[in-house]
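Working notes, structure below.
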Amino acid sequence: MDYSNSFLKLPNNTDSPWVRTVRLAKPTLQDNTADSDRLISALKTDLQTDAVHIDLDLIKKLPDRLRKWEYNLRCILFKDRRRWLVTGVAGVNDARTFAGLAVDLGTTKVVLRLLDLSDGRTLGESGFDNPQLVVGPDILARIHFTENAGGLERLNELIITGLNQTVRDLCRSCRLEPQDIHAVTVAGNTAMTHLFMGIDPRWIIREPYIPLINKPGILKATDLGIQVNDGARVFIFPNVGSYFGGDLIAGIFFADLHQQSDAAILVDVGTNAEVVVGNENWLIACAGAAGPALEGGVTRMGMTAGPGVIDQIKVDATTMAFDIHTIDNLPPIGICGSGVIDLAAQLFLSGMIDIRGRLVPAVCGSKLKIVEGLSHLVVVPAENSATGADLTISQADLDSLIRSKAAMYTILETITGSVGITPHELATFYVAGTFGSFINPESAISIGMLPDLPRDRYQSLGNSSLGGAALALESDSYHDKINQIRERITYLELNVNQDFMNRFSAAKFLPHTNTKLFPSVKVVQAST
């Protein structure tokens with residue numbers, strides 16, 4: 001399922017949700033209505049609303065512009081709940097593009113999509129590594145950094161500066177100026193939202209784990225330091241709490257999970273595994289620490305997806321030869337999350353590891369080495385790797401992966417069990433993020449990380465956070481829909497859930513202690 005080039009669905013009787021052509025009657029001695037009042041009155045009629053606001057800075061520019069355009073103009077709008085905001089004006093013959101910007105505010109990577117507000121076309125897309133990584137790779141480290149003098153200001157400056165530079169570069173590639181951007185939507189986790197806004201996140205990680213703000217709403221871009229049109233507004237997706245952020249709300253919105261008749265599930269694996277299950281009547285959400293190992297952090301050779309990174313592996317069950325695929329077909333430098341899952345599945349299915357995830361020496365043969373007293377399986381020998389060293393996975397790495405996959409499956413089992421269903425009763429299983437884009441469900445099922453569902457129930461959403469942020473630029477009802485989603489979510493706390501701990505122990509085998517849950521997994525197991 002690829003929504004990256006989707007168009008906005010526009011009403012038939014307007015140019016777009018956000019760009020309206022207005023033709024005003026010229027003032028006369030008999031009609032001396034003030035310029036701004038004349039425009040506001042016309043927009044109220046056109047939009048069927050009682051609330052239209054124009055910033056003072058824009059009002060000051062109206063007299064000359066209205067007369068130059070003979071009172072025929074296009075208005076660029078944005079909606080703040082019940083109130084319409086005029087963010088810019090242009091002549092009816094002005095050919096410039098009025099752009100909107102969707103932002104996925106990730107902890108590791110920030111991705112931007114530029115859209116034409118007039119017709120919804122995607123104009124361009126770009127991304128950059130979150131510059132806050134210089135402070136710390138995870139949110140916890142960054143929150144602790146804010147407690148130093150000037151720490152919060154530094155983290156805020158890093159993300160805003162990085163965003164502004166990328167906006168300039170993206171606009172240049174599309175032959176636009178940042179001033180052409182009139183609307184911005186931002187979806188990020190709770191901590192990243194705080195750092196983006198420059199507000200104190202410290203209480204997110206302290207009992208009772210309360211954020212400073214959950215519903216930032218709509219703010220002026222200039223107040224946030226974002227260098228786009230002076231009148232541009234920024235809609236920041238709301239959070240549910242400290243550990244369920246706006247990026248997941250955006251994912252639900254994008255997947256349309258909240259309007260489905262049958263129960264479906266959305267899984268997004270990043271720093272944590274964040275999960276929401278539900279339908280048009282209810283939504284249950286939770287988060288758990290299953291992410292890092294499944295992102296590729298399970299092994300020393302683990303890394304994020306990029307050129308030369310192993311993303312797919314097959315093992316010949318007869319010869320035990322490895323068939324390795326790397327991104328861009330370059331010599332291998334490491335392995336990403338999808339590659340790790342492929343590797344574990346192939347090792348298990350070929351009998352190179354047993355049901356406990358332990359390496360089987362008799363089957364591994366010469367690929368098995370002892371390094372500093374620990375068993376390592378050589379995946380890529382030094383002479384074939386781009387690093388000049390063996391690329392290996394150790395027994396400790398595999399143990400970590402087993403714990404992570406067990407946590408992942410247990411999260412799914414616990415959240416569905418909380419509403420009286422099993423994972424096998426889910427009509428659709430959405431997998432989001434980079435994890436969802438590259439993962440092979442067959443491999444994830446083989447190791448017992450995902451439930452053994454019919455494969456056509458699995459759907460990859462790609463970057464659902466970015467997709468949801470872009471979708472928010474679709475119509476003037478976006479705000480109400482997103483807040484309705486937020487209000488319907490019930491958050492399940494796993495840290496105090498005894499059922500979770502009991503299930504977790506049973507899931508620490510391949511594929512599971514209850515093999516009846518995975519009837520499609522056929523294993524070749526050699527004796528140890």
Side-chain angles (χ1 to χ4, degrees), residues 106 108-109 111 125-130 133-134 137 269-270 291-353 357 359-361 363-372 374-401 404-405 433-444 446-447 449 460 462-463:
T108 303
K109 193 174 183 66
V111 186
E125 194 167 309
S126 184
F128 62 101
D129 291 337
N130 191 322
L133 289 166
V134 299
V269 178
L294 304 180
E295 277 195 306
V298 66
T299 171
R300 291 181 184 179
M301 65 171 170
M303 55 182 58
T304 55
V309 175
I310 299 168
D311 60 345
Q312 297 174 29
I313 298 180
K314 291 183 179 179
V315 175
D316 187 308
T318 303
T319 66
M320 301 302 156
F322 286 9
D323 181 6
I324 291 171
H325 178 271
T326 65
I327 298 172
D328 294 342
N329 295 310
L330 296 173
I333 59 172
I335 190 168
C336 66
S338 63
V340 168
I341 294 166
D342 260 9
L343 174 60
Q346 291 295 305
L347 295 180
F348 177 53
L349 295 174
S350 64
M352 296 178 81
I353 59 175
L359 291 162
V360 180
V363 183
C364 295
S366 62
K367 288 184 172 64
L368 193 63
K369 292 187 174 183
I370 305 300
V371 181
E372 297 179 352
L374 188 64
S375 296
H376 282 249
L377 183 75
V378 178
V379 179
V380 181
E383 61 269 22
N384 295 332
S385 80
T387 66
D390 290 338
L391 300 182
T392 69
I393 187 166
S394 71
Q395 185 60 63
D397 296 334
L398 288 167
D399 293 344
S400 177
L401 175 61
S404 287
K405 83 89 188 172
T434 304
F435 175 77
S437 298
F438 295 100
I439 187 176
N440 178 353
E442 201 71 44
S443 294
S446 295
I447 63 171
M449 189 182 79
S460 172
N463 190 336

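- To the nearest 0.5 Å, the span separating CD1 on I353 from CG on L377 amounts to 9.5 Å.
- The shortest side-chain heavy-atom distance between K109 and N130 does not fall under the 4.5 Å cut-off.
- Considering every non-hydrogen atom in both A317 and S350, the closest pair reads CA-CB, 4.3 Å.
- A side chain to side chain contact (heavy atoms under 4.5 Å, CB included) with V379 is found for one member of T392, L347, I335, I324 and no other, namely I324.
- Around NZ of K314, the count of heavy atoms belonging to other residues, nucleotides or ligands within 6.0 Å does not exceed 12.
- Under the side chain to side chain contact (heavy atoms under 4.5 Å, CB included) test applied with M352, the options L359, V360, V315 reduce to a single match, V315.
- By the 4.5 Å heavy-atom criterion applied to side chains, M449 and I341 are counted as neighbours.
- Taking every heavy atom of both residues into account, L374 and Q395 meet most closely at CD1-CB, 4.4 Å.
- A side chain to side chain contact (heavy atoms under 4.5 Å, CB included) with H325 is found for one member of I313, D311, D342 and no other, namely D311.
- Rounded to the nearest 0.5 angstrom, K367 NZ and I393 CD1 are separated by 14.5 Å.
- For the residue pair N384 and P332, the shortest heavy atom distance occurs at O-CD, 3.4 Å.
- Interatomic distance, CD1 of I447 versus CD of Q346, reported as 11.5 Å (0.5 Å rounding).
- Here CG of L391 is found 4.5 Å from OG of S385. Values are rounded to the nearest 0.5 Å.
- To the nearest 0.5 Å, atom CD of residue Q312 and atom SG of residue C336 are 9.0 Å apart.
- A pairwise comparison of heavy atoms in S446 and A345 identifies CB-CB, 3.9 Å as the closest pair.
- Looking at T326 and V309, their side chains never come closer than 4.5 Å, going by heavy atoms from C-beta outward.
- The two residues L401 and A344 come nearest to each other via the heavy atoms CD2-CB, 3.3 Å.
- The closest donor-acceptor contact from the side chain of D316 to the backbone of T318 lies under 3.5 Å.
- For the salt bridge (Lys or Arg N to Asp or Glu O under 4.0 Å) condition, the pairs that include at least one residue of residues 375-396, sequence neighbours left out, are K369-D390.
- Here CD1 of I310 is found 9.5 Å from CZ of F322. Values are rounded to the nearest 0.5 Å.
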D397 vs S400, side-chain hydrogen bond (donor to acceptor under 3.5 Å, both in side chains): CA-CA, chis, key distance, verdict | CA-CA 5 Å; D397 296 334; S400 177; over 6 Å; no
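- S375 and L368 get closest at one heavy-atom pair: CB-CD1, 4.2 Å.
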